[in-house]
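What follows is one structure encoded as structure tokens, with my remarks underneath.
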Number of protein chains: 2
Amino acid sequence: MTDNRKKLEEAALNSVQRNGFNALSFRTLADDVGIKSSSVHYHFPEKSDLARTLIERYSETFFQSLYAINERKWGLRRKVRAFIDIFENVAAAKKLCLCGMMASEVEQLDDVNRELLNSYFINTENWLIQLFNDNRDDLNTELNSRILAKSLFASLQGALLLDRVVQDGNRLKAQKELFMSFLK
Amino acid sequence: MTDNRKKLEEAALNSVQRNGFNALSFRTLADDVGIKSSSVHYHFPEKSDLARTLIERYSETFFQSLYAINERKWGLRRKVRAFIDIFENVAAAKKLCLCGMMASEVEQLDDVNRELLNSYFINTENWLIQLFNDNRDDLNTELNSRILAKSLFASLQGALLLDRVVQDGNRLKAQKELFMSFLK
DNA sequence: GTCTATATACAGATAGAC
DNA sequence: GTCTATCTGTATATAGAC
């Protein structure tokens, strides 16, 4: 991967997580990196190619974080906290999850990119379901792992969304407190 | 309010809840209603004027629904279900909450519209806090009303967002089941 | 209130030189 | 890989006739 390609991906990731994919233009992206927009087209022929790259790259990094949590000899409580920490870091950077942001723009994406978003959400939920199933003894609730997993993940996405408008961070805190109350 | 103005508001509301505010153009909006884009500018001089109208109109309708719930002699369980029903109707129309959608685009809104979004979120949370406070005896949880309110509302917004990508509706169902488990 | 016509800016995308 | 130059389409917005 060339240097400028890497810079483009980073600048685009940053921009989309803040302003959305629709608001991203090849011109301003090129300006950020210090090249011309036609050179951006060399790396990403169409805008949808850039979208695909961003989703794949973001997903890869994200799931690497989850695998890293798997390898720790932590209890459920600490692992869930590590999961939530990922979203707190996104919030601290005043961003949304890339896939959460692009979910709001899903109607304008092509089928390939919709499928990539779908996989990101499903795979994340499956990771959480596995985590809860592996640690049922440490749960305070009768709610099944699927409900807990889907609820937790969607809750964090919603909290990120609302906390960028109401800037007190209280929605993320609320989700954390609520879900921690389910854990021994 | 003239007939075309009303049509414009409805078409715009529909479009934004599906595709976002950024993706809305005065041209296509005009086409939807059957007039020219310059005539749209007569009703809404700048795009931000349209944004303001949409947020105000959506908020007004939404809070009327909440006041209608207040006036019912229902228990907590039924009132919360009525609240969640609002979001299920939005999901059934394959839309997002207007303010949830525009929250994803908050960086591109002017101060007035950001403040209107902020009020929508805060006022909704306050309505829920009041509801939980008025019915503490019907709650199964020690979690305070503020946490429950902020968590429930953000959770539903997140569920709407993700369920448009993964089209099984399971995230909204999960939130419903989870929060209903807190109610007697 | 709506129209035609237009100004100005910017979008995504391509051709071809270097 | 990056550039200049350009095509084509569309965006927001305005002026002025009807």
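Values in this document were obtained by computation on a predicted structure and should not be read as measured data. We name chains A, B, ... by the order of the sequence lines, and we start the count at 1 in each one.
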Going 5' to 3' through nucleotides 4-18 of chain D and flagging B where a protein heavy-atom sits under 4.0 Å of the base, S where only the sugar-phosphate is that close, and - otherwise, we get B------BBBBB---
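Surrounding CZ of R146(A) are at most 12 heavy atoms belonging to other residues, nucleotides or ligands under 6.0 Å away.
Within the 3.5 Å criterion, the main-chain N or O of L13(A) finds no donor-acceptor partner in the side chain of R57(A). In this structure, the side chain of R164(B) engages the main chain of K94(B) through a donor-acceptor pair within 3.5 Å. For the pair R171(B) (side chain) and A154(A) (backbone), a donor-acceptor distance under 3.5 Å is absent.
Whole-Å rounding puts the L8(B) CG to dT2(C) C1' distance at 12 Å. One can place CG of D3(B) at 14 Å from C1' of dT2(C), the figure rounded to the nearest angstrom. A straight line from CG of L29(A) to P of dC10(C) spans 16 Å, rounded to a whole angstrom.
An OP1 or OP2 oxygen of dG1(C) is reached within less than 4.0 angstrom by no side-chain nitrogen or oxygen of N4(B). Remark: Y42(B) is in phosphate contact with dG1(C), judged by side-chain N or O atoms under 4.0 Å from OP1 or OP2.
Aromatic rings of Y67(B) and W127(B) (six-membered ring for Trp) have centroids beyond the 6.0 Å cut-off, not under it.
Every residue meeting the side chain to side chain contact (heavy atoms under 4.5 Å, CB included) condition with S145(A), not counting sequence neighbours, appears here in chain and number order: I129(A), F132(A), N133(A), R136(A).
The shortest non-hydrogen separation linking K36(A) to A30(A) is C-CB, 3.5 Å.
Under a cutoff of 6.0 Å and an axis angle of 45°, K176(A) and F87(A) do not form a cation-pi pair.
Five base pairs at each end of the helix from dG1(C)-dC18(D) to dC18(C)-dG1(D) define two local axes, and these are offset by 10° (rounded to 10°).
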